[in-house]
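Proteins come first, then strands; the chains are lettered A, B, ... in the order of their sequence lines, and each starts at number 1.
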There are 2 protein chains.
Amino acid sequence: MIRILLAEDEHLIRGALAALLALEDDIAVVAEAGSGDEALAMARAHRPDVAVLDLQMPGPDGVAAAALLRETVPECTPMIVTSHAGAGALKRALAAGVRGFVPKTVSAQQLAEIIRTVHEGGRYIDPELAADAIAAGESPLTSREAELLALAADGAPVAEIAARAALSPGTVRNYLSAAAAKLGAENRHVAARVARERGWL
Amino acid sequence: MIRILLAEDEHLIRGALAALLALEDDIAVVAEAGSGDEALAMARAHRPDVAVLDLQMPGPDGVAAAALLRETVPECTPMIVTSHAGAGALKRALAAGVRGFVPKTVSAQQLAEIIRTVHEGGRYIDPELAADAIAAGESPLTSREAELLALAADGAPVAEIAARAALSPGTVRNYLSAAAAKLGAENRHVAARVARERGWL
DNA sequence: GAGGCGGAATGACATCTGTCATGCAGTCCC
DNA sequence: GGGACTGCATGACAGATGTCATTCCGCCTC
């Protein structure tokens with residue numbers, strides 16, 4: 001019997017998932033959580049075999065919760081279920097030690113099967129997302145470029161970015177310009193969007 | 001017996017919802033769809049009493065599907081269920097004749113209750129989203145300002161916007177500047193973001 | 001009809017932003 | 001040690017952007 005923790009902030013989905021997974025003979029939902037913090041508390045209390053975490057949650061999100069879980073409850077294998085995932089989220093998840101990454105487009109049977117796979121020590125990554133992540137490749141941005149692009153992402157003027165990074169405005173412009181060139185973007189705003197989409201921020 | 005159509009592109013959620021709603025004695029899921037187009041076809045074929053539509057779907061989204069439904073299958077009452085909704089989506093939905101607007105944070109029992117309410121001719125709008133929409137108020141932007149701000153939303157340079165709108169670059173700058181001032185934004189990029197958040201585009 | 005008001009549209013001016021040439025420090029490879 | 005290379009940092013210049021004053025037109029009010 002595989003004992004699982006289900007963390008998902010949308011009651012409707014959480015309840016529905018719990019009901020469906022309960023239909024599987026070898027799976028038992030032993031705990032439910034509606035936020036990242038709650039998920040950690042529940043995991044400590046119930047010591048589940050597998051934690052099924054939604055990516056978008058209040059408090060620590062799915063990936064952050066997975067990272068914390070690996071530290072505090074190492075015998076619990078974390079996996080992520082999500083609606084709108086990009087290659088960036090997948091990368092962060094793998095770096096955090098997540099063993100399964102599944103979009104909500106799979107069926108309940110498939111999800112159950114993936115839970116079994118993960119529980120037996122295997123891995124499962126959604127093929128389409130994996131392809132995206134591979135296609136996106138490694139970030140061509142230097143650390144400084146990525147850092148300044150992140151600061152520019154909300155549309156702040158250069159002067160503010162320069163102040164926050166303790167740099168001359170000219171320097172900031174230079175990095176942002178280089179980043180935009182590498183990304184084939186016309187200006188820093190579209191560059192920031194592209195970089196986010198590819199998980200390079 | 002209330003006959004409903006369930007349109008939701010995520011198999012996992014759709015299957016789970018269908019299972020939960022089937023538990024209610026007075027509700028029958030007579031059709032399921034995974035896209036806006038499919039939802040319309042199913043509605044024409046099965047003539048359900050209520051259409052439960054996810055906001056985010058391939059093809060026509062939930063609101064667009066609801067609008068089309070009201071034309072082609074007038075006896076079917078549309079309602080929207082969604083994860084990440086803003087005031088803008090709510091406004092569009094109400095304009096399209098949607099009778100219920102529910103976030104996925106409600107429980108299955110609540111959803112069933114809301115389906116009954118809507119089926120009896122009532123309305124249900126999530127209180128929090130309604131408050132957001134009221135707080136956002138009416139758009140202070142003129143139609144031209146909104147139009148140009150929408151064109152500027154993806155970070156395009158002014159020259160391109162001017163070409164698309166068949167205006168002088170100076171005029172475009174002027175409108176965008178006025179819009180940014182009304183929205184308290186420092187530049188057109190943040191202005192576009194703010195306007196989107198408040199449903200003014 | 002006169003006057004006031006607000007939106008549409010434009011060009012001139014000042015400021016901001018992106019591009020370029022340049023210098024400096026660290027690293028790798030002969 | 002001497003190059004060659006890469007990343008970090010800066011300022012000068014040109015082009016893009018935002019601000020302002022102004023004109024024109026339709027609408028409303030008196």
Going from [atom1] on [X] to [atom2] on [Y], what distance comes out if it is rounded to the nearest 0.5 angstrom?
{"X": "B:Ile115", "Y": "B:Glu120", "atom1": "CD1", "atom2": "CD", "answer": "12.0 Å"}
{"X": "A:Leu111", "Y": "A:Arg116", "atom1": "CG", "atom2": "CZ", "answer": "9.5 Å"}
{"X": "B:Leu53", "Y": "B:Leu5", "atom1": "CG", "atom2": "CG", "answer": "6.5 Å"}

- Message: Can you list everything that forms a side-chain contact (heavy atoms from CB on, under 4.5 Å) with B:Glu197? Sequence neighbours excluded, please.
- Response: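 Partners of B:Glu197 by the side-chain contact (heavy atoms from CB on, under 4.5 Å) criterion, ordered by chain and then number, come out as B:Arg193.
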- Message: Determine whether a donor-acceptor pair (N or O, by modelled atom type, separation under 3.5 Å) exists between the side chain of A:Lys182 and the backbone of A:Pro140.
- Response: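 It does hold such a pair.
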- Heavy atoms under 4.0 Å, any strand shown: does B:Pro169 hit a base, just sugar-phosphate, or nothing?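 The answer is nothing, as B:Pro169 stays clear of every strand by at least 4.0 Å.
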- Task: Report which part of the nucleic acid B:Thr142 touches: base, sugar-phosphate, or nothing (heavy-atom distance under 4.0 Å, all strands).
- Result: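 The residue B:Thr142 makes sugar-phosphate contact but no base contact.
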Over how many whole Å does the gap from [X] atom [atom1] to [N] atom [atom2] extend?
{"X": "A:Leu176", "N": "C:dG18", "atom1": "CG", "atom2": "P", "answer": "7 Å"}
{"X": "B:Glu186", "N": "C:dT17", "atom1": "CD", "atom2": "C1'", "answer": "15 Å"}
{"X": "B:Glu145", "N": "D:dG18", "atom1": "CD", "atom2": "C1'", "answer": "14 Å"}
{"X": "B:Leu149", "N": "D:dG18", "atom1": "CG", "atom2": "C1'", "answer": "14 Å"}
{"X": "A:His189", "N": "C:dC16", "atom1": "NE2", "atom2": "C1'", "answer": "11 Å"}
{"X": "B:Lys182", "N": "D:dG18", "atom1": "NZ", "atom2": "C1'", "answer": "16 Å"}
{"X": "A:Leu148", "N": "D:dT10", "atom1": "CG", "atom2": "P", "answer": "11 Å"}
{"X": "B:Ile161", "N": "D:dT17", "atom1": "CD1", "atom2": "C1'", "answer": "11 Å"}

- Mark yes when over 12 heavy atoms from residues, nucleotides or ligands other than B:Arg47 sit less than 6.0 Å from its CZ; otherwise mark no.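 Result for CZ/B:Arg47: enclosed.
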- Message: Is it the case that atom CZ in B:Arg196 sees more than 12 heavy atoms from other parts of the structure closer than 6.0 Å?
- Response: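 At most 12 heavy atoms, drawn from other residues, nucleotides or ligands, come within 6.0 Å of this atom.
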- Sidechain N-carboxylate O distance under 4.0 Å for A:Arg164, A:Glu160: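 A:Glu160 and A:Arg164: salt-bridged.
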- salt_bridge(B:Asp54, B:Lys104) N-O dist < 4.0 Å: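 A salt bridge is present here (some side-chain N lies under 4.0 Å from a carboxylate O).
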Any N/O pairs under 3.5 Å between the protein and nucleotides 23-29 of chain D? List them or say none.
none

- Item | Reading 5' to 3' through nucleotides 10-15 of chain C, protein heavy-atom contacts under 4.0 Å coded B for base, S for sugar-phosphate only, - for none | BSB---
- Message: So if I take every side-chain heavy atom of B:Asn187 and compare against D:dG18, D:dT17, D:dT19, which nucleotide ends up nearest?
- Response: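 The nucleotide sitting nearest to the side chain is D:dG18.
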